[in-house]
There are 2 protein chains.
Amino acid sequence: MKESTLLKLLDTAELLFADQGFHATTLRQITREAEVNLAAVNYHLGSKDALIVAVFQRRMDDLNKQRLSLLGEALKASQPPSLERILEAFVHPALQMSARSSGDGGRFMRLMMRAWAENNTRLHRVISRQYSHVMRSFANAVKQALPVVPADLRQQLDFLIGALTYSMAETEDSDVEQTARSLVRFACAGLRQSAQQTVKNSTTDPSESEHQDQSLTPSLLQENPA
Amino acid sequence: MKESTLLKLLDTAELLFADQGFHATTLRQITREAEVNLAAVNYHLGSKDALIVAVFQRRMDDLNKQRLSLLGEALKASQPPSLERILEAFVHPALQMSARSSGDGGRFMRLMMRAWAENNTRLHRVISRQYSHVMRSFANAVKQALPVVPADLRQQLDFLIGALTYSMAETEDSDVEQTARSLVRFACAGLRQSAQQTVKNSTTDPSESEHQDQSLTPSLLQENPA
DNA sequence: ACAAGTTTCAAACACATGTTTTAATTCTAT
DNA sequence: ATAGAATTAAAACATGTGTTTGAAACTTGT
């Protein structure tokens, strides 16, 4: 049973992109390693850019599905939901996906870091469109889990994403479960502390206490209106 | 007064590298934008790779100096030192440096993310050699600040670095002070919570209580023996 | 078995890249 | 002012890039 050239392309490209970056990886290298013809990329995908997007789309779809599924379970399990479970629903699929890809551990996440650093408009739009949907769900869930909504919830979640992405890219083949537990604990403490701080501020200065939810618009959480 | 071509090169290259990546940025683009001759890069630096390293070296030196200076102050101020001040010494210079570069805010940090994602051995060695030295100092400081050393201190610091890097790359021209305060609070809570957890584990299972410091070797904290 | 549609292949194309070379220019110290 | 060094300039070089092309090989439905 031979796997289709398209799959071979996606797999090989993902691996090479993660290791060397998008621009540094050539189509000749990809096709040679995948043992397909050079023209295969342009035939099946149309262009190298389209390849990049396709490589991403595949993993993002997967990741989002798993995250939202776990989030759903967390929300069904108790009301208000457990903050720990919410964050775990966010963290665990990413770590697992990263570890599952055999060989190099942080491959997928290094790919994520690259994509994020990249200024490629097309790629960015694909990612953030998919990401924003999920992030909104998680932000709402966190709001339910905490007695007080932190003033800068968006920023806090960015912290979590950053910690997750970076530590994954760093971690070799380390224990996924342990890392997940560690990170969830770390972030829960941070979020709770921040919520506490918000309460303290709002009681000493009541004028600040109302616009807590306006801080959710920028960055990842915003939708592309077009 | 005209600034030297070398400086013009470093400045322009830094800007373009951050926006487009190392490979995507061409020497022709850099030299055109810097208004110097194409051959200037090879004359002054020797090669494009050397340019990349040079761009980095300059900022890293600066960043390390500021961080260690603030850390020194924090250690002198009180004994045991304040965890908040230690983390602030780590976070603040980076945020400030990122904001100071006029125009685009997260430029330098996006550069960092790229460099980190990059698999360039030469660049990696330069960075981690410089980084490891500083990280060791901070890890030791944190050990003094906490009543109990968390079992996975290295990982915790990676979380901090990740949160810092990512949120910086994300943040436009936002309020540096506010972000710094937020992040420090976030990470302090995480670290304290983790320390608490370590205590709990070590009392229920005393066999684990001794090798707390062995977890400091891998990743950023390790030195290159060569 | 055969024709029509897919997919693979090797070669070529047009162009952009980092680097080198050689000459002109500017700087610097005597 | 002038010789010698350092820097800038313009052009060319060799190589590698993504993409296109047109024919061959394969697959599929009848």
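A quick note: this is a predicted structure, and the numbers were derived from the prediction, not measured. Throughout, a chain's letter reflects where its sequence line sits, starting with A, and its residues are numbered from 1.
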Item to complete: Confirm from the modelled atom types if A:R28 and D:dG18 form a donor-acceptor pair under 3.5 Å, side chain to base only.
Response: yes
Discussion item. Restricting to side-chain contact (heavy atoms from CB on, under 4.5 Å), what partner residues turn up for A:Q57, sequence neighbours left out?
Written reply: A:V53, A:D61, A:V126, A:Q130
Practice prompt. Take atom NE2 of A:H23 and atom C1' of D:dT17, then tell me their distance rounded to the nearest Å.
Written response: 10 Å
Practice prompt. Report yes if a side-chain nitrogen or oxygen of B:T5 is closer than 4.0 Å to either non-bridging phosphate oxygen (OP1 or OP2) of D:dT8; otherwise report no.
Written response: yes
Worksheet entry | Beyond-backbone contact of B:L160 with B:L183, side-chain heavy atoms, under 4.5 angstrom | yes
Discussion item. If we check side-chain hydrogen bond (donor to acceptor under 3.5 Å, both in side chains) with A:H92, which of these qualifies: A:R67, A:Q66, A:E177?
Written reply: A:E177
Worksheet item: Between D:dT20 atom C1' and A:L45 atom CG, what is the distance in whole Å?
Response: 16 Å
Worksheet, complete the sentence: In B:L164, B:L70, B:L71, B:V142, the residue satisfying side-chain contact (heavy atoms from CB on, under 4.5 Å) with B:F90 is B:L164
Worksheet entry | Protein-nucleotide distance (A:K8, atom NZ; C:dT8, atom C1'), rounded to Å | 11 Å
Worksheet item: Checking side chain to side chain donor-acceptor pair (under 3.5 Å) for the pair A:E33/A:T12: CA distance, chi angles, key distance, verdict?
Response: CA-CA 7 Å; A:E33 210 127 323; A:T12 314; over 6 Å; no
Item to complete: I would like to know whether A:L153 and A:L191 meet side chain to side chain contact (heavy atoms under 4.5 Å, CB included); could you show each step before the answer?
Response: CA-CA 8 Å; A:L153 178 53; A:L191 276 169; 4.0 Å; yes
Response to the item:
Separation of C:dT17 atom C1' from B:D49 atom CG, nearest Å, is 13 Å
Response to the item:
Angle separating the five-pair end axes of the helix from C:dA1-D:dT30 to C:dT30-D:dA1, nearest 10°, is 20°
Worksheet item: Tell me: CG of A:L9 to C1' of C:dT8, nearest whole Å?
Response: 12 Å
Practice prompt. Provide the closest heavy-atom pair for A:I86 versus A:A141 in the form atom of the first, atom of the second, distance.
Written response: CD1-O, 3.4 Å
Worksheet item: Do B:L27 and B:N42 come close enough that some side-chain heavy atom pair is under 4.5 Å?
Response: yes
Discussion item. Classify the ring geometry of B:F56 against B:F22: parallel below 30°, tilted from 30° to 60°, perpendicular beyond 60°.
Written reply: tilted
Practice prompt. May I have the distance from B:L27 (atom CG) to D:dA14 (atom C1'), rounded to whole angstrom?
Written response: 16 Å
Discussion item. So if I take residues 29-44 of chain B and measure heavy-atom distances to DNA chain D, which residues fall below 4.0 Å?
Written reply: B:N37, B:A39, B:Y43, B:H44
Response to the item:
A:L51 CG to D:dG18 P, in whole Å, measures 10 Å
